[in-house]
Enquirer: 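Here it is, the structure in full.
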Amino acid sequence: MKNLSAANKLMIKIAETNKHLTPVTPDDLPLFQKFFQKEPHTYGNSWTYVTQGVYGIGPQKLGYKYYDGKNLSMVCVYPKIEQPKINVFYWIRPMGPNILDKILDISKENLSDYKLPTYVKKIFKNQFDYLKKGGFTDTKNFPWHTLSPSEDDSHAEQIYDVNKTMRQLSIRSNTSSLKRLYNKIPKITEKYSISITDNNFQSKSWFVSRKFFHSEYIRSNKKNLSDEFDYYNMIFFNHRRKNLVRKIVLSNNLPVGFYVIEKQNELYSSIYALITLRDKLKFLVDYIFLSIIQNNNTRFLNSGGSEDEGIHYFKQKYYPEQVQQMYWTTNYA
């Protein structure tokens, strides 16, 4: 786990100077949901998303929020991934009529008073343009990571019309590897004794996460930019509710994968995790993805943006109906 003591101390110090910066607790979920419901759709409109990347920050490990009665954003101070001695102030999925002006003011103060650069994460193009006029820029010269300048928004969100994807699968030639796999799902399920359950989700998904990130495949992959703690909040602080699906995938009763889906509204759901032990069953990611699409209960399913081209191309092969580019911006270059 990252050493976050310096980041936490700095976040506390900044919050002491602004009454609108307070620690996030599980009781804040309805507040965020109220704001999400007023927003245009994006993968970032969910409690799962905004609480995922702030583990270790704040007394509840759920980060902090800026909330002044009209404007809301998840915020935190976090070490820069390639330069952990540099802390960065993050605004995550900012919402509200004046939130961009608040960001400009506070970011200027943070840079002046604490030498603290800012990232604004998961914003629409019009928000990006507004902040750019205020002195912000893209992440090219101050990337989140050299290989992935804007983290999972380095490549656009891929959104599927579930029925259309299923129709495409049904009419594709039998020579298509995806179609052949889809047709084999019943046989694969039986051959490898695959089952999907939500029993003991926390302990089993944490086992899979740790096993995955400590595997030789991941440790030797220079493009891997995550670790098991990136899923800690999603596993342990994302409690059961009716719009949340959390599943463990078993093969011969042993956990080999897990996934998390949140229903955001009547039209859209999003996938927030799909982690599998790749050395167990090579086809498992496709198998689960196909199963998710087949059983999704909203018209659209958003698989989010991507950190690298490999993940991006994987998502594209499922015939996305919509592509939505979201943005990051920074006041440091």
Side-chain angles (χ1 to χ4, degrees), residues 4 8 11-12 15 18-78 89-99 102-103 120-124 152 157 198 200-203 205-206 209 229-248 258-274 296-298 300-304 326:
L4 299 174
N8 261 310
M11 185 70 241
I12 292 169
N18 190 321
K19 66 180 181 180
H20 301 308
L21 292 171
T22 57
V24 173
T25 77
D27 293 335
D28 287 316
L29 191 157
L31 173 65
F32 276 87
Q33 288 295 114
K34 182 180 177 181
F35 273 76
F36 292 146
Q37 289 166 7
K38 297 176 182 178
E39 290 288 304
H41 170 73
T42 172
Y43 185 82
N45 290 344
S46 80
W47 179 255
T48 303
Y49 181 87
V50 297
T51 59
Q52 178 184 0
V54 295
Y55 172 73
I57 298 297
Q60 299 269 348
K61 297 182 173 59
L62 293 172
Y64 280 66
K65 65 182 182 295
Y66 176 91
Y67 178 59
D68 61 12
K70 295 181 180 180
N71 303 285
L72 176 66
S73 180
M74 179 72 74
V75 299
C76 73
V77 174
Y78 215 73
F89 193 96
Y90 285 80
W91 297 78
I92 303 167
R93 193 61 204 100
M95 301 173 285
N98 309 114
I99 188 63
K102 308 298 181 182
I103 290 173
V120 187
K121 176 180 177 179
K122 190 60 76 171
I123 56 176
F124 293 98
D152 59 344
E157 296 177 359
D198 57 4
N200 300 314
F201 174 82
Q202 290 184 339
S203 61
S205 58
W206 185 237
S209 184
F229 289 102
D230 289 344
Y231 293 88
Y232 192 93
N233 273 0
M234 188 183 296
I235 292 170
F236 292 104
F237 288 92
N238 200 17
H239 303 304
R240 286 186 179 183
R241 52 192 193 278
K242 64 180 181 180
N243 65 331
L244 189 68
V245 176
R246 309 185 308 172
K247 297 291 186 181
I248 292 293
F258 74 93
Y259 61 88
V260 175
I261 301 171
E262 184 167 332
K263 180 180 178 181
Q264 296 163 284
N265 54 46
E266 292 306 310
L267 281 177
Y268 289 91
S269 298
S270 289
I271 307 170
Y272 294 100
L274 204 178
N296 191 64
N297 63 357
T298 55
F300 297 105
L301 180 68
N302 191 335
S303 64
M326 301 297 289

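Note that this is a predicted model, so its numbers are computed, not measured.
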Enquirer: Where is the tightest heavy-atom contact between Met234 and Ala273, given as atom of each residue plus distance?
Expert: SD-CB, 3.5 Å
Enquirer: Hey, what do you get for OG (Ser209) to CD1 (Ile235), rounding to the nearest 0.5 Å?
Expert: 5.0 Å
Enquirer: Would the Tyr231 and Trp206 ring centres measure less than 6.0 Å apart?
Expert: no
Enquirer: Distance-only, no hydrogens or angles: does the Asp28 side chain make a donor-acceptor pair with backbone N or O of Thr25 under 3.5 Å?
Expert: yes
Enquirer: Check Leu4 against Gly56 and note the closest heavy-atom contact, atom names and distance.
Expert: CD1-CA, 3.6 Å
Enquirer: Answer with yes or no whether the side chains of Gln52 and Asn233 bring together a donor and an acceptor at under 3.5 Å.
Expert: no
Enquirer: Counting distance only, does the side-chain N/O of Ser205 pair as donor-acceptor with the main-chain N or O of Phe201 below 3.5 Å?
Expert: yes
Enquirer: If every non-hydrogen atom of Tyr64 is compared with every non-hydrogen atom of Pro59, which pair is closest and at what distance?
Expert: OH-CD, 4.1 Å
Enquirer: Does Tyr55 reach the side chain of Asp230, with side-chain heavy atoms less than 4.5 Å apart?
Expert: no
Enquirer: Please identify each residue that fulfils ring pair (Phe, Tyr, Trp, His ring centres under 6.0 Å) with Tyr67, with sequence neighbours left out.
Expert: none
Enquirer: Taking all non-hydrogen atoms of both residues into account, name the closest pair between Gly44 and Lys122 and its distance.
Expert: CA-CG, 3.9 Å
Enquirer: Decide whether Thr298 and Glu266 meet the rule of one side-chain donor and one side-chain acceptor closer than 3.5 Å.
Expert: no
Enquirer: Please enumerate all residues that pass salt bridge (charged side-chain N to carboxylate O under 4.0 Å, His left out) together with Lys102, with sequence neighbours excluded.
Expert: none
Enquirer: In terms of the angle between their ring planes, are Tyr268 and His41 parallel, tilted or perpendicular, with boundaries placed at 30° and 60°?
Expert: parallel
Enquirer: Is a donor from one side chain sitting under 3.5 angstrom from an acceptor on the other, for Thr22 and Lys65?
Expert: yes
Enquirer: Kindly compute the distance separating NZ (Lys34) from CD (Glu39), expressed to the nearest 0.5 Å.
Expert: 13.5 Å
Enquirer: Give a yes-or-no answer on whether the side chains of Asn71 and Ser73 include a donor-acceptor pair shorter than 3.5 Å.
Expert: no
Enquirer: Compute the centroid of each ring, for Tyr49 and then for Trp47, and state whether the two points are separated by less than 6.0 Å.
Expert: no
Enquirer: Does one side chain, of Thr42 or Glu157, offer a donor that lies under 3.5 Å from an acceptor on the other?
Expert: yes
Enquirer: May I ask you to say whether Arg246 pairs ionically with Glu262, meaning some side-chain N is under 4.0 Å from a carboxylate O?
Expert: no
Enquirer: Working to the nearest 0.5 angstrom, can you tell me the gap between Asn45 CG and Lys38 NZ?
Expert: 13.0 Å
Enquirer: Fit a plane to each ring of Tyr272 and Tyr43, take the angle between them on a 0 to 90° scale, and name the class: parallel (under 30°), tilted (30 to 60°) or perpendicular (over 60°).
Expert: tilted
Enquirer: Which value, rounded to the nearest 0.5 Å, describes the distance between Ile12 atom CD1 and Ile57 atom CD1?
Expert: 9.0 Å
Enquirer: Donor-acceptor pair, Asn243 side chain versus Lys263 backbone, under 3.5 Å?
Expert: yes
Enquirer: State, to 0.1 Å, how close Val54 and Cys76 come at their nearest heavy-atom pair, and which atoms those are.
Expert: CG1-SG, 3.6 Å
Enquirer: For a quick test of reading the model, state the closest non-hydrogen atom pair linking Val24 to Leu62 and the distance between them.
Expert: CB-O, 3.4 Å
